[in-house]
Asker: 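Pasting in a structure now, in structure tokens, and then I'll have a few things to ask.
What's counted below: heavy atoms across the whole structure, side chains too, no hydrogens, waters or symmetry copies. Just so it is clear: chains get the letters A, B, ... in the order the sequence lines come, proteins before strands, and each one is counted from 1.
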Amino acid sequence: MDYESQPYHVTAALVEWLLVIGAAALIALFVGGVVALFLAGRRAPALVFAALKRGFSDLTSLSVRRIGALARLTIQESLSRRTLLVLFVFVSLFAAGNLFLQSPGQDMPAKPFVSFVMTSIRWVLIPVALLLSCWGLPADIKSRSLHTVVTKPVHRSEIVIGRMLGYSLLTSFILFVVALLGLIWIQRVVPERSKPQLTARVPVYCDLEDFFFLDRNGQTGKGLNVGDMWEHRGFIEGQTKSRAVWIFEGVDESYLNDEGELRMEYSFEAFRSHKGRIDEGVRFRLHLVNEEKGLDVPYPQRGAGLEVQEFSGERAARKDQEKPIIDIPRELSRTVGLDEDGSKVDLFDDLVEDGKLRIELSCEDDGQYIGAANTDLFIRLADKPFAVGYFKAIFGLWLMVVLVCIIGTTASCFLKGPVATLLTFGLVILGHPMRSYMENQLQQLDEKGRVLGGGMLEACYRLVTQMNVQSPLPENDATRVIQYLDTHIFNGLKIAEFIIPNFKHFDMTVFVANGFDVPWMDAGAAIVPAILTVLGYLIPCVILGYFSLQLRELEAK
Amino acid sequence: MTAESVIQVRNLSKVYRDFWGRKKVQALNSLSLDVRKGEVFGLLGPNGSGKTTTLKLLLGLLFPTEGEVTVLGEPAHDVGKNERIGYLPEESYLYRFLNADETLDFYGKLFDMPAAQRKERRDALIKQVGLENARRRQLKEYSKGMTRRIGLAQALINNPELVLLDEPTSGLDPLGTRDMKDMILKLREEGKTVVMCSHLLADVQDVCDRIAILYAGELKVIGNVSELLQSNEETQLLTSTLKDDAVKEIEEVLKKHGAQLKNVSHPTTTLEELFLKTVKESRERPGRRFAPGEAPGQDKSGAV
């Protein structure tokens with residue numbers, strides 16, 4: 001599993017959220033003030049103040065009964081549109097998956113089945129949530145049914161929240177049913193020999209900043225690049241002082257398993273610079289190091305070391321024979337090959353210092369290389385049942401669907417159905433499948449803050465003048481204006497990046513499909529960031545939806 | 001606001017504009033009027049005269065271009081005033097997938113009414129509007145008349161002080177119309193204020209205490225119905241049937257007083273009255289048919 005564990009900083013996220021919300025509120029206030037000034041002249045400040053005061057009052061005096069009634073109405077309305085027929089779509093998909101999904105020769109035979117269920121749920125339920133939430137309110141306004149609601153003592157905020165709640169509850173019910181069906185389906189279709197993979201491993205990774213390499217002279221440096229690596233993976237050279245180093249924090253005796261051992265799991269890569277002993281893997285050894293006490297305890301303690309295979313097919317073939325698991329006993333010999341009555345060290349008394357355990361990886365074969373990233377070695381706590389990880393991932397999907405309902409409902413407060421659908425769909429696409437692409441594109445500024453390779457206007461200029469992209473732009477006022485505007489358009493897009501929701505937080509498929517538990521905290525997909533993301537959008541969306549309904553004539557079609 | 005005014009409208013104007021802000025139509029032009037507590041007030045006018053626009057401005061569904069609207073002492077956009085208002089829209093804008101019970105329960109919840117109170121009001125109103133036998137049917141299966149009835153029931157769910165009715169008799173058969181008018185009169189008896197807009201003049205005349213006539217968004221006439229319709233140029237006497245000699249004698253007397261007998265005829269009833277009597281007669285005596293020229297309630301001489 002190519003996965004990069006990164007810490008999630010709640011405080012930093014909260015500060016960023018406050019800054020974005022504050023800036024958006026100031027812009028909205030300014031625009032509202034200008035519009036009021038244009039329409040009402042000198043009465044504008046009083047009108048803006050009255051609108052804000054009324055808004056505060058409406059948003060803080062909500063009735064649970066009214067919201068419940070509106071949510072129930074939303075559900076009944078959706079059911080009258082035969083929304084539950086979507087369940088048959090899932091049944092059909094699972095039936096088709098039963099016929100066509102196969103997994104011969106894969107590292108993880110259970111993975112395609114789990115991925116299929118999660119992907120099906122995501123890409124069928126999101127359009128349902130999107131269409132329901134984007135069309136409900138505009139249809140209500142168009143048919144004027146909303147007239148009979150807003151002429152009752154109902155705050156616009158209650159309408160917005162009731163709608164959001166109704167769609168969320170309905171899609172939650174569908175998701176729950178489909179998730180149960182999916183779990184039963186997975187248990188039935190995964191081959192018996194692959195059933196052990198249906199588990200939820202609980203890994204403890206070291207932080208990214210606590211993972212580094214030592215070069216062939218034993219100095220801190222970078223891992224070698226053998227041409228097959230991602231950002232944080234590097235290779236170490238065999239029979240040198242080159243090592244990959246992990247420092248695990250917060251290690252204590254609760255990490256030991258029932259046998260009193262510290263279980264670790266690895267997924268290193270091998271690279272051969274010569275053929276060597278081709279019938280064997282490339283050998284490596286782990287070292288438990290305490291620099292303060294000058295201890296360097298190798299593991300395994302006997303033999304030539306552990307092996308890692310070069311190709312995934314070989315790894316898959318060896319899977320049945322040997323799992324990539326290391327159980328480190330609490331009591332270890334100080335060095336390789338010493339008799340048992342020689343000096344002993346205790347894992348926690350001697351090797352763990354202030355909760356920190358330093359583990360180094362060395363390659364034992366001369367001229368061969370072992371590749372590692374920070375997530376390639378982790379402490380494996382007691383496994384949880386597969387259903388735990390599965391339902392945590394489903395919870396992530398649920399949060400995603402809820403967020404789609406929130407955004408769709410908000411958009412429908414000020415846009416007609418088709419436009420609201422287009423907007424919400426665009427945000428979902430930019431927020432999930434195209435998120436990484438967007439983030440990459442928006443990092444391409446040079447040291448002067450100019451867009452690398454030129455921006456939109458520069459591209460137009462080059463097209464019109466038939467100028468090669470390698471040719472430097474001529475230095476004149478026109479090109480300076482073009483570059484200036486390009487930079488600011490680019491900065492505008494960077495601001496938009498903060499507004500577009502990061503749906504990557506919700507896609508936890510990679511964990512459950514690879515037999516891992518879903519983490520609570522991580523900068524990628526994890527439960528807490530996903531919950532905070534939904535809350536982060538819920539509050540401004542309710543406010544935006546409220547003012548959109550409050551400041552528009554609901555009579556207007 | 002005067003002591004008795006429930007609605008106060010001052011210099012109210014409304015301009016509908018297109019997407020670019022260009023003026024499309026001036027729906028109301030400097031309208032000023034008051035509606036007093038406990039009266040049935042009628043807004044009259046041809047199509048497009050601004051009746052419904054006025055109602056929607058009163059309800060806060062539209063924003064005035066100019067002028068002020070006060071309803072029950074509060075600005076029109078104030079949500080709190082809706083606690084004391086009932087509104088029957090022109091068309092059936094209710095949720096068609098709900099049945100009558102669900103509809104009234106839903107609107108009761110919007111008034112934050114507890115379950116017991118909702119049930120009590122629901123049962124009473126369904127009985128009042130005569131939908132006991134259709135309370136479990138979805139509204140999409142209702143006839144136009146039934147929909148108007150459930151519409152009125154939802155408007156009364158909160159026992160409002162002020163009831164706004166937009167074309168309340170529109171689409172109803174004469175029986176339904178009569179029931180609706182009876183209900184409006186009953187609301188007045190209960191001390192509620194009713195504002196209705198309609199272009200069915202006979203209905204308005206039957207139930208309204210005061211009327212305002214709008215034309216092209218402007219107020220043309222406002223006043224008591226009886227005063228506005230009264231003709232001071234003529235006097236009408238209604239007697240039992242007279243013989244020709246008696247008529248001649250009366251004519252002589254009138255001449256002596258300088259007056260002139262303009263018309264002598266048997267008064268006619270309204271078509272609505274005739275229809276209602278026919279239906280009533282048919283219910284009481286099924287199978288009875290009237291001879292050509294005969295009508296229920298007439299004696300053999302043809303007098304009503």
Side-chain angles (χ1 to χ4, degrees), chain A residues 35 38-40 43 47 50-51 53-55 57-59 61-83 136 139-159 162 546 549-557, chain B residues 14 16-19 21 27 52-53 55-65 75 77-99 102-103 105-115 118 138-140 150-151 154-155 157-158 160 164 166:
Chain A
V35 172
F38 180 70
L39 293 175
R43 288 191 303 134
L47 285 176
K53 191 179 162 195
R54 197 165 67 236
S57 166
D58 285 356
L59 286 162
S61 56
L62 303 172
S63 156
V64 175
R65 187 177 280 134
R66 279 197 288 266
I67 291 173
L70 289 161
R72 188 175 171 185
L73 178 86
T74 304
I75 293 171
Q76 287 175 305
E77 180 188 78
S78 304
L79 291 177
S80 74
R81 292 178 178 153
R82 296 182 170 79
T83 306
D140 228 13
I141 293 170
K142 191 175 180 185
S143 70
R144 299 183 183 180
S145 300
L146 202 61
H147 286 190
T148 57
V149 174
V150 295
T151 50
K152 307 287 185 282
V154 178
H155 300 302
R156 305 295 202 264
S157 47
E158 291 167 337
I159 296 172
Y546 164 76
L549 283 184
Q550 185 71 35
L551 299 176
R552 72 181 283 193
E553 289 183 330
L554 292 175
E555 171 59 17
K557 288 189 178 180
Chain B
K14 177 66 187 173
Y16 288 113
R17 298 183 185 278
D18 65 9
F19 179 79
T52 301
T53 297
L55 271 195
K56 285 177 178 168
L57 285 162
L58 295 177
L59 287 160
L61 291 171
L62 294 174
F63 304 146
T65 307
H77 59 72
D78 183 79
V79 173
K81 75 173 191 317
N82 293 346
E83 293 272 7
R84 301 187 282 158
I85 290 180
Y87 169 55
L88 172 69
E90 182 180 1
E91 294 289 332
S92 301
Y93 300 147
L94 305 177
Y95 293 95
R96 290 159 50 81
F97 50 86
L98 300 178
N99 63 34
E102 289 169 338
T103 299
D105 196 57
F106 167 66
Y107 289 110
K109 281 179 183 168
L110 296 188
F111 283 97
D112 225 350
M113 291 161 63
R118 290 201 305 272
Q138 286 185 319
L139 301 197
K140 64 184 173 191
I150 190 65
Q154 67 81 27
I157 188 77
N158 56 326
L164 303 172
D166 194 355

Asker: B:Q154 versus chain A, heavy atoms under 4.5 Å apart: side chain, backbone, both or neither?
Answerer: both

Asker: By a 4.5 Å heavy-atom criterion (distance strictly below it), what part of A:L39 contacts chain B: side chain, backbone, both, or neither?
Answerer: neither

Asker: Please classify the contact between A:E77 and chain B as side chain, backbone, both or neither, with a heavy-atom cut-off of under 4.5 Å.
Answerer: both

Asker: Among A:I67, A:L79, A:D140, single out the residue with the greatest number of heavy-atom pairs under 4.5 Å to chain B.
Answerer: A:D140

Asker: Using heavy-atom distances under 4.5 Å, tell me whether A:L551 contacts chain B through its side chain, its backbone, both, or neither.
Answerer: backbone

Asker: Would you name the heavy atoms of A:R54 and B:H77 that are closest together and state the gap between them?
Answerer: NH1-CE1, 3.3 Å

Asker: Write down the atom of A:Q550, the atom of B:F63, and the distance for their closest heavy-atom approach.
Answerer: O-CZ, 3.5 Å

Asker: Restricting to non-hydrogen atoms, name the atom on B:F111 and the atom on A:P153 that form the minimum distance, rounded to 0.1 Å.
Answerer: CE2-CD, 3.2 Å

Asker: Within this structure, what is the OH-CD distance for the pair B:Y95 and A:Q76, rounded to the nearest 0.5 Å?
Answerer: 11.0 Å

Asker: With heavy-atom distances below 4.5 Å as the criterion, would you say the side chains of B:L61 and A:V150 are in contact?
Answerer: yes

Asker: Taking C-beta and beyond as the side chain, do A:L146 and B:Y93 meet within less than 4.5 Å on heavy atoms?
Answerer: no

Asker: Assess whether atom CZ of A:R43 is packed by more than 12 heavy atoms of other residues, nucleotides or ligands within 6.0 Å.
Answerer: no

Asker: To the closest 0.5 Å, what do you measure between OG1 (A:T151) and CD1 (B:I85)?
Answerer: 8.5 Å

Asker: Is there a side-chain contact between B:P114 and A:R65 (heavy atoms, below 4.5 Å)?
Answerer: yes

Asker: At their closest point, which heavy atom of A:K152 faces which heavy atom of B:N82, and how far apart are they?
Answerer: O-ND2, 3.1 Å

Asker: Would you say that A:E553 contacts B:K56 through its side chain, given a criterion of any heavy-atom pair below 4.5 Å between the two side chains?
Answerer: no

Asker: About how many Å separate CZ of A:R72 and CG of B:D105, when rounded to the nearest 0.5 Å?
Answerer: 7.0 Å

Asker: Taking all heavy atoms of B:V79 and all of A:H155, pick out the closest pair and write down the distance.
Answerer: CG1-ND1, 4.0 Å

Asker: Can you tell which part of A:V64 gets under 4.5 Å to a heavy atom of chain B, answering side chain, backbone, both or neither?
Answerer: neither

Asker: Looking at B:D112, B:L88, B:L98, which has the largest count of heavy-atom pairs under 4.5 Å with chain A?
Answerer: B:D112

Asker: Identify which of A:L73, A:V154, A:D58, A:L70 forms the greatest number of heavy-atom pairs closer than 4.5 Å to chain B.
Answerer: A:L73

Asker: Give, as side chain, backbone, both or neither, the part of A:S80 having an atom under 4.5 angstrom from any heavy atom of chain B.
Answerer: side chain

